[in-house]
Each structure stands twice: as structure tokens, then as C-alpha cells.
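What you are looking at is a predicted structure, and each value in this text was computed from that prediction instead of being measured. So you know, we letter chains A, B, ... as the sequences are listed, proteins then strands, and number each from 1.
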Amino acid sequence: MYEFEFTRPASVAEAVAALNAEEAQALGGGQTLIPTLKQRLAMPTTLVSLSGVAEMQGIGLQDDGQLVIGGATTHAEVASGAVGTYPALAALAGQIGDPAVRNRGTLGGSLANNDPAACYPAAALGSGATIVTNTREIPADEYFQGMFTTALEEGEIVVSVKFPVPEAANYQKFVQPASRFAMVGVFAARFADGVRVAVTGASEEGVFRWTDAEAALASSFTPDAISALSVDPDGMIGDIHGTKAYRAHLVNVMTRRAVAAAV
Amino acid sequence: MPKDIDAKESGIGAASKRREDIRFLSGTGNYTDDINLNGQAYVHFLRSDVAHGRITSIETAEAAAMPGVLRIFTGADFEGVGSIPCGWQVTDRFGEVMQEPAHPVLAQGKVRHVGDPIAAVVAETAEAARDAAEAIELDIEELPAVVDMKAALAEGAPKVHDDLTSNLCYDWGFVEDNKAAVNAAFEAAAHVTSLELVNNRLVANPMEPRVAVGDFNRATGDSTLYTTSQNPHVIRLLMGAFVLGIPEHKLRVVAPDVGGGFGSKIFHYAEEAFCTFAAKALNRAVKWTSSRSEAFMSDAHGRDHVTKIELALDADNNFTALRTDTLANMGAYLSTFAPSVPTWLHGTLMAGNYKTPLIYVNVKAVFTNTVPVDAYRGAGRPEATFQLERVIDKAALELGVDPIALRRQNFITEFPYATPVAVEYDTGDYVATMDKLEEIADIAGFAARRAESERAGKLRGLGVNCYIEACGIAPSNLVGQLGARAGLYESATVRVNATGGIVVMTGSHSHGQGHETSFPQVIASMIGIDENMVEIEHGDTNNAPMGMGTYGSRSLAVGGSAMVRATEKIIAKAKKIAAHLMEAADADIELKDGQFSVAGTDKSVAWGDVTLAAYVPHNYPLEEIEPGLEETAFYDPSNFTYPSGAYACEVEVDPETGKVSIARFAAADDFGNIVNPMIVDGQVHGGIGQGIGQALLEGCVYDENGQLLSASFMDYAMPRADDVPFYEVDHSCQTPCTHNPLGVKGCGEAGAIGSPPAVVNAVVNALRSAGKDVTHIDMPLSPARVWAAMQG
Ligand SMILES: Cc1cc2nc3c(=O)[nH]c(=O)nc-3n(C[C@H](O)[C@H](O)[C@H](O)COP(=O)(O)OP(=O)(O)OC[C@H]3O[C@@H](n4cnc5c(N)ncnc54)[C@H](O)[C@@H]3O)c2cc1C
């Protein structure tokens, strides 16, 4: 680790101000950032911890039925706090990492980082969520822009995320054997006006919507409806844990399982 | 020994709780990283990030001027210093000795693997050392790397070591004189089964990474090295005599609590020599603590064999001959025991549990631009077992016979048995362990369980195998002939204090094995005292007179035997003192339950009366015997020990994803006599866990340029608790070793040796149950590989 300053502001406004400083960086749960710092792969001069920002904490239902989760809310809090309102999301949060990771890692940190194998991006995209920042509201469809890339500007903070709650949903995670991140994770959600299927872990472009499957599932929300569909192995990740073809195959399997479990 | 682990309360056979665990589990252990010396400085190694290259310049002046930097060392500082030595010299099949390259402490001229240390910065803090290391200006002319063993042996391949004739370390044939007869038996065979397989490369990853602290005492000129080692005396010898030129009496090596080794902490590493050297050069203690990332690229790796094995059978399915061809990766340098692993620890085990009369093993050891490869739990024996037990399963498939029946038919049943690969099994009962396995694994109930799995959409498979291993390493005269540059005896000093308590200083080293509990049980039984009166000291060259350390399941069989011999001397002397105290003849003294009595009388004195007399010799036969009660013994085994057993694994495979889960695992082992059945259970559990890790999860992978792809736990999959089932473990089949005083055989490696073939056999069996024409899948059987195999 290189040396850095540390601040812990109490409000979004203070955090934004602190992040204005040269080479300042937001710190969520540190579950990605701290290992990066330890490997000296990043060199911020100031870390701005978001853990003390009260308005970024917690889970609540809006009048319009959307579930709003603060950007600094930990995975563990979502795993227990969203069980009644959005069980598929709670279950997803409960499968992230291990208890230590879940007790520190945050929703905002995960979405800001947009690791191609992370779980939350699938939930946000699969739910059609809105990412609320200190300056604007970004629909999930516009937010995720490829591996480790998002619509966030320099210094922009994920303050909260609004999740429309589907009629039925499920997340199926097939873990990479070493990291236990998603090798392929599929979030399938059925809404009154359609179906969304978001896939993480698989693609070289990061999280994506499997629109062919969405269309097929919109007319019949059953595993059989997509049996014959497949994604193109070409854009899939191929590495020491699995070939492109294997990942493409898993996308189909995990989607069918997500649908079966959601019904 | 009874299976019921509560049957005895103390002494040999009791499941005494591991006393050392209290400090390990409560954070009060004393690991090497807990040692911080006055004025200690820290070293950071600048390591190569290319697999092969020529160092064209190293500019350190700017870095050396950075705050806190004490000195920067490079290869040039080690020019007059010795090479990291190799402890074993193999003679090839033409009678020539192996090619043995130099292994400098810091790279000189060339770097040969990612992680090869180039420079070392010593500074006031670890961070300052790391800062300065980043400021070193380094120019490396990258050279083409050799990673694949076949490519490394090809004509015109880039050479890892320019001064060697090729990348071939040795071409070993065993037994060379059998070769023609073996080939003839293959000509005459009714059936030949052949199989090509990979024994995957592994990283040991003990929980505690390596640490070294070098210290120098200017007043006395003595050096001390604290290090994470399985054998401090061996490090003292190798580093003192061959690298730094420090005689034993000026060098102390301490290996305190060590958090797991699994072989990777046997070897003498450059960092140990560096810290010792730098401490003297700077007159400051110098500490190095490996990061996990450094461990992946600097700890010796394990296994990495590519093998073709062929089994010849006659028309009645008797094994008539066995022939193997193996490429064994040595990595870039020869680690301490590396050359012995694919040869003497592997070729001598190829008979397995079977009476195959003719065997020929060929091994070509190869240098590549990868981290050195050396012994890892089982060392050579897992490689032998895996290929043999896989080819037998494949033969059973091809012949359409039951794999268990095929094994039983070919079992060795008479002991002692001289194998065609130079070793003599003293005892064993392979029928008994297989019978026991069939019972505890409930083989008969498999069909019903398979049907149940099928209903859940899963493919269930059963895999069974046997294993034999050579433990209790090793008879010195034999290993000397085989190329060992050291003896493999063990020593123990038993010191009885005045009030009767005992300290045993053993050359064995415990890095998780539980010696502090099991060794006292032996002495307590011999004397008839409470085991809490006995304390074990190990891990310090200032204590035991000499020690060859712990590996090869040798602690109790060799180190324990030395302790027994020393205790016998203690008892003999104590009886003389007792005889004097009771005015009786030495020959009439009996020792039982800590009481010395005169046979046929009611006269007795207690253990404590005698020990006190030894140190307060007011009434003592001073003209006949010396006061005091301390004895030392060295024990050199006359043979290896041969633990054996039969393992069964049941897996469930998800046919859609290829994911394998272990449903059941049973192990029936014959370890001879058992001192602590709970510790034995634990050793078997841990070993099976590692074997399952190798079979399903672990794989160390380099790309074609020699970059380590599995360089962290993000990509190198270690087994976790939920990857393994609850094991059914039995060691009630006991054929005691005939040549050591305890009749013990060793249990530390069995699980890791015996489990991988069972897992792979089970997965192949599962896939075949679904009509897939699969005969083999290389480890690790990751979901992706199993799925690919199912696709044909
Ligand atoms: C062992 C382990 C296992 C894991 N397993 C999984 C898994 O299975 N699935 C999974 O999805 N993830 C997994 N993770 C990642 C984990 O979920 C992280 O918590 C998450 O990726 C990052 O969240 P964080 O709050 O820790 O962010 P940090 O590490 O603090 O920050 C990450 C990045 O986001 C930025 N940032 C943080 N918060 C905000 C914010 N509110 N607004 C804008 N930018 C912000 C930081 O500046 C930094 O660039 C694992 C991590 C570990 C260590």
C-alpha cells in the first residue's frame, strides 16, 4: 500500500466535496479497493469513506413500490433486510463472497466497480433498476458499459439504487471454482409488462441482457421456452476455468434454472 | 487397536486431545512472523516478472538513496557465495549423474522463472523496502521461455541453463535390467491397457506463508535463522555448509510453530540464506515475510508429471507386466529433494498392492522456466498410485470385469514380499483392508443410492482404489546408494528432570501433526506415568543433537523410534538406581505404572524417588553409574514402512453443468499400530481433503510465455469445507511394522496418496452410467472439463 489520507464525511455533499480533491477515491466496503491498494495497483492520495453517510444507508419501499437501497448498504444488510420485499435480491446478496465480504462490501461499491463476474450488476440490470447518484438518475440499461466500465463520471457517487420489484424473479449463480464469483450468473425477472434476463460472469462485455430469451420467456415463462436458444460463444469469456463454449452453454442452463426457480 | 477412540484414557492408543491446539486456536502460537528482534530491518525482493531473460542492467543508486534504505543487494553481492544446493543426485540409465545447474541466491546474469529474485532491498520498514524496490531500474532482455516439457526437450529448444547440454536433467530407467523382459511380456500379453495422463501441478499453500528472520551477534560471531521449516537441522547443514560457509557451532536454526508445510517447507530457500547473509553484512536482524502472491511464485510447487502407463494382462486377467514413461517437471532449478521425487519415491512404488512380476519405469526430468517443483504431500507416491489405479480401472472397463475383483485377483497376499522395483514390503493385508472398505463404504448399497441420485437428475459414480506407500523415510545405507546426500535417521534426547518430569528433544518437527501430544503418549506408556509429565521440544538446532525433520510420514516411525530407544536407555539406568535404592539385583527390578519393584517382593520405589536420586545422589552407586538421567539415541530404520489401504469415493455429477460433488468417501487404512486414533483420523481427513483438492479443484497453470495464470486464490482453487463430505475412516486393519519398536507405519500422507484415483474413477464411472464413452479426464476435474468430456 502507498500512503494516503483518510476522511469519513457524514453527508453526500461533504463526500462529493472531498472527492473533488486531486486523486481522491471513494471507499465503500473496501473489499475490492483494499486488495487493489495492497497490491499497489492504485495510488489514491485520499480515501473518502462512504460508511458514515447516513443518507446512503438502509433499505426502504417507495410509494411506487420500488425498493430503494442506499449505496453504502452492505450485502449482509440486503441479504437479511430484503427477504420480505425482494427475496430474489436478498438471496443474491446472501451468495456474494463469504460473511466477512458481505459484512463490509456495499451495493454502491459493487455497482461502481462493475466487475464482469459480480452478482449485483445482474440484479440491477435484470430488475431494470435506476442508479441514483449525487447528480442524476441513470437507468441500468445505460449504466453498465462493459467490464469495469460504467456511466459514472469522475467523483460521482452511487447514492442509492431503486429496484422495481418483479412478480417473480430468481438468481442462479454458477461459481468459478477458485474465486467463487459468478462464472455465469443469471438473473431472470418476470414483470407484468415483460421479462428481463441479465447475465453476469459470461461475457467479455460484462453484464448483458439476453434479449432472445426475454422475448421467448415473455410469451411463456417456462424453462422449456428457451431450451433451443443459445448465446453466441464468440463474445463469451474463455479462460483457465472454462471455454467460451462452456460459458455459452451455462448461460442457457442457468437461465432455465432461474426461470424454473422463479415460477 | 480398538476402533473405539475413547477406549483408552491415556498412553498408547488413547485419543488424547491435541494439547498444542490450545495455543494454535487461541492466537497464542509463536510463529516465525511473531518473532521481532531488536533493531530488525526488513527485506523486499525484487522478482522477475518474465519467465526467461538476460539481465542487461540493474541500476540501484537512486533506490538506495531513498529514505530508510539500508542497502540493496544484487547477484553481484553473492558471487563468492555458494549455490543453493540440491540434496539428491540421481544417476541416469546410462550410469551418468544428472545435470545439476547452479542456483544463485539472487539471479546472476539470467532470470529463469517468474518470481526469480533479482535484487533485495533492506530497509527500516517493509514499506520503505518495497518503495525502493520499485525504484530500481532494471533492464531485462526477454528470451523465449520453455514451459511445456515436451517442447523443452525438443531439438533446438531454448535452454533454461546455458551451461547445460540441454533441458534434460536425467533420463532414468528402473529397473533398467528388467526392460527387455518387460517388453517381451508385453509382446506375449493377452491384453494391454494403456493410458496417458497428467498429474497436475499443485501449489501447497500452507496457511502460514514462509517467513525468515536472520540475526547476527557481533559479540560472538554467531548467526541465527528463524524460519518456517519442517527440518531446521537440515537447513543448518545445507545453508551453513554449502551456501554461506558457517560451521554448525556458529549457526543456529529455529523453526518455531509452523503453520503447515505439506512438503513445501522442507526445502532450503534462497530467502533463508539471504536473511542470514544480510544480517551479518548489516549487523542488523533482517526479516522477510512472504506475501501470498510471492508464495505462489517462490514456494516450490508439487507434482507436474505427464505419464504414459501400460499394463499387460494374461488371458486370466493376471497382471504380467507394467511399463511407464514419465516426464517430470523440475522447474528452473533443482530444489532440495526434487530429483528423488519422480525416481526413488515414485518408481519403487509402481508395484502397488499387486504381484505384477515385471515392471519398467522411465522418467525424464526436465528443466523449464517455471518455479522449481519438489515434494508435496505424498511426493512421488501419489503419482505412482494415481497412474496405477487409473490404468487398472481402465483395464477393468476394457475387459468388462469388476474393478474390485480385478484388484483382488492380483493382490499380493504373502509377506514379506520383494517387489520387482527394489523394495520389500514387510507386512500388509490388502484383502482385509478391501473387505473393510466394502463394509464401511457400503458398496452393496451403491445401486440403490445411484437410483436415488438418478431420480434427482444426477449421475452417481463409484470409484475404488488401493494404495501402498513407502514411509518412515528412510534407511540411510539404502538411500545413500540411491543418491541421497544425507542420512535419514532421526535423533532424540530424553531429559528426565529431578522431580520426574521429562523433556524430549526430537529432531522430528511438528507443523500441525500433533507430536506434542502423541510423542508423550508413547513415553507415558513405557514408564507408566501421566502423559502430562512429558513435554516435547522440537524445531531448534540448539536442542536435539541432529534432526532430519518431518516429511515422508517419518516422525513416529523414525523419530518416535529414536525416542523409544533413548527411553529404553533411561529405563535401564533408572532400574540400576532403583536396584541400589532397594538393595536388590538390577535383573530383579520391574517397572510398572511408574513404580519400580523387586520381583517377588513387596518392595517398591516410585519413578520420582529414582529420578530425584539421580540428581540428588546422596544414596547412589556413584562408583558404577553417573548421576543425572538424560539419554540420547539415533535411530536409523532398516527398511521403509508400507502403509496401505483401500479407498472408495462416490460422486454425484450434474449432467448439465459437469459439476462434481463428493457424496461419500470411505478410507480403510492399515497403519500398523496406532498411538493416537484421533490424530490418525485427522491426518487421514486432511490428506483426503488435499487429494480431493487435487482431483477436483487445484491446478497451477502457466501460459506459453511462462506467466503464472493461477497466481492467487482468485484463480487457484483450494478445497473448502463444503467441497468435502464427512468421511468414513477406519484403521482397524493393523499389520504392525516388523522392524521398528512401535510397529507403526505412518499416516500423514496416505489420504493425499489414496484419494485422487478414487475420485477420478468415480467420475468416469458416473459418466459411463449415462452412456458417455469416457475413459479418462485429467485433473482437476473442473466442471468445464467434465462437461467437455461429456460432449465427447
Ligand atoms: C473474497 C471475496 C469474494 C467476493 N465474492 C464476490 C461474489 O461472489 N460476487 C460479487 O458480486 N462480488 C464479490 N466480491 C466483491 C465484493 O462484493 C465487493 O464488496 C464489491 O465488489 C465492491 O464493493 P465495496 O463496497 O467493497 O467497494 P470498494 O472495494 O470499497 O470500492 C470498489 C470501487 O468502487 C468505488 N466505490 C465504492 N463505493 C462507491 C459508491 N457508493 N459510489 C461510487 N463509487 C464507489 C471505489 O472507489 C472503488 O473504485 C468478493 C470480494 C472478495 C474480497
Side-chain angles (χ1 to χ4, degrees), chain A residues 1-4 31-32 35-41 43 95 97-101 115-118 172-186 201-202 223 226-227 230 233 236-258 260, chain B residues 44 67 125-128 130-131 133-135 200-201 203 205 291-294 296 457 654-661 692-693 695-703 707-723 779-791:
Chain A
M1 238 181 242
Y2 299 106
E3 282 191 12
F4 54 81
Q31 296 305 292
T32 297
T36 310
L37 294 179
K38 284 171 94 175
Q39 290 181 61
R40 297 191 155 198
L41 297 172
M43 210 174 166
Q95 289 175 61
D98 49 47
V101 169
D115 187 306
Q172 289 288 319
K173 178 182 185 185
F174 192 82
V175 300
Q176 192 257 56
S179 70
R180 294 198 175 180
F181 274 67
M183 179 130 117
V184 169
V186 174
I226 51 164
S227 297
S230 59
M236 297 292 114
I237 296 170
D239 61 13
I240 60 172
H241 305 291
T243 58
K244 291 167 180 282
Y246 181 58
R247 281 198 173 73
H249 166 77
L250 284 180
V251 170
N252 180 288
V253 176
M254 291 300 123
T255 307
R256 281 189 284 117
R257 289 184 182 178
Chain B
H44 185 87
T125 67
E127 290 294 303
R130 196 170 170 186
D131 287 343
E134 286 179 2
N200 42 329
R201 189 178 180 114
V203 185
N205 283 319
S291 69
R292 186 60 71 180
S293 308
E294 267 184 299
F296 271 99
D654 179 338
E656 281 195 311
T657 63
K659 173 138 177 65
V660 175
S661 34
I692 289 174
L696 294 185
L697 296 158
E698 300 182 47
C700 179
V701 185
Y702 283 92
D703 75 6
Q707 288 296 329
L708 184 57
L709 297 180
S710 52
S712 77
F713 289 139
M714 293 298 277
D715 286 300
Y716 186 91
M718 295 294 286
R720 304 180 210 194
D722 62 353
D723 289 314
M779 303 185 289
L781 272 58
S782 64
R785 285 190 178 178
V786 174
W787 178 78
M790 283 193 285
Q791 308 312 302

Heavy-atom distances under 4.5 Å only: say whether Pro783(B) touches chain A with side chain, backbone, both or neither. both
Within the 4.5 Å heavy-atom criterion, are Asp131(B) and Arg40(A) side-chain neighbours or not? yes
Which pair of heavy atoms, one from Ile240(A) and one from Leu709(B), lies closest together, and at what distance? CG2-CD1, 3.7 Å
Using a 4.5 angstrom heavy-atom cutoff, name the option from Met718(B), Glu698(B), Arg720(B) with the most pairs to chain A. Arg720(B)
Heavy-atom closest pair (Asp715(B) atom, Ala178(A) atom, distance to 0.1 Å) is C-CB, 3.4 Å
Can you name the salt bridge (charged side-chain N to carboxylate O under 4.0 Å, His left out) partners of Asp722(B), sequence neighbours left out? Arg180(A)
For Met43(A), is the CE atom crowded, meaning more than 12 foreign heavy atoms sit under 6.0 Å from it? no
Identify the heavy atoms of Thr657(B) and Tyr246(A) that sit nearest to each other, and give their distance. O-OH, 2.6 Å
Could you work out, with ring pair (Phe, Tyr, Trp, His ring centres under 6.0 Å) as the rule, every residue matching Phe296(B), not counting sequence neighbours? Phe713(B), Tyr716(B)
Contacting moiety of Glu3(A), where chain B heavy atoms sit under 4.5 Å: neither
Give, as side chain, backbone, both or neither, the part of Glu134(B) having an atom under 4.5 angstrom from any heavy atom of chain A. side chain
Return the minimal non-hydrogen interatomic distance between Glu656(B) and Arg257(A), and the atom names on each side. OE1-NH2, 3.0 Å
In terms of heavy-atom proximity below 4.5 Å to chain A, should Arg785(B) be classed as side chain, backbone, both, or neither? neither
So how far is it from Met714(B) CE to Phe181(A) CZ, rounded to the nearest 0.5 Å? 4.5 Å
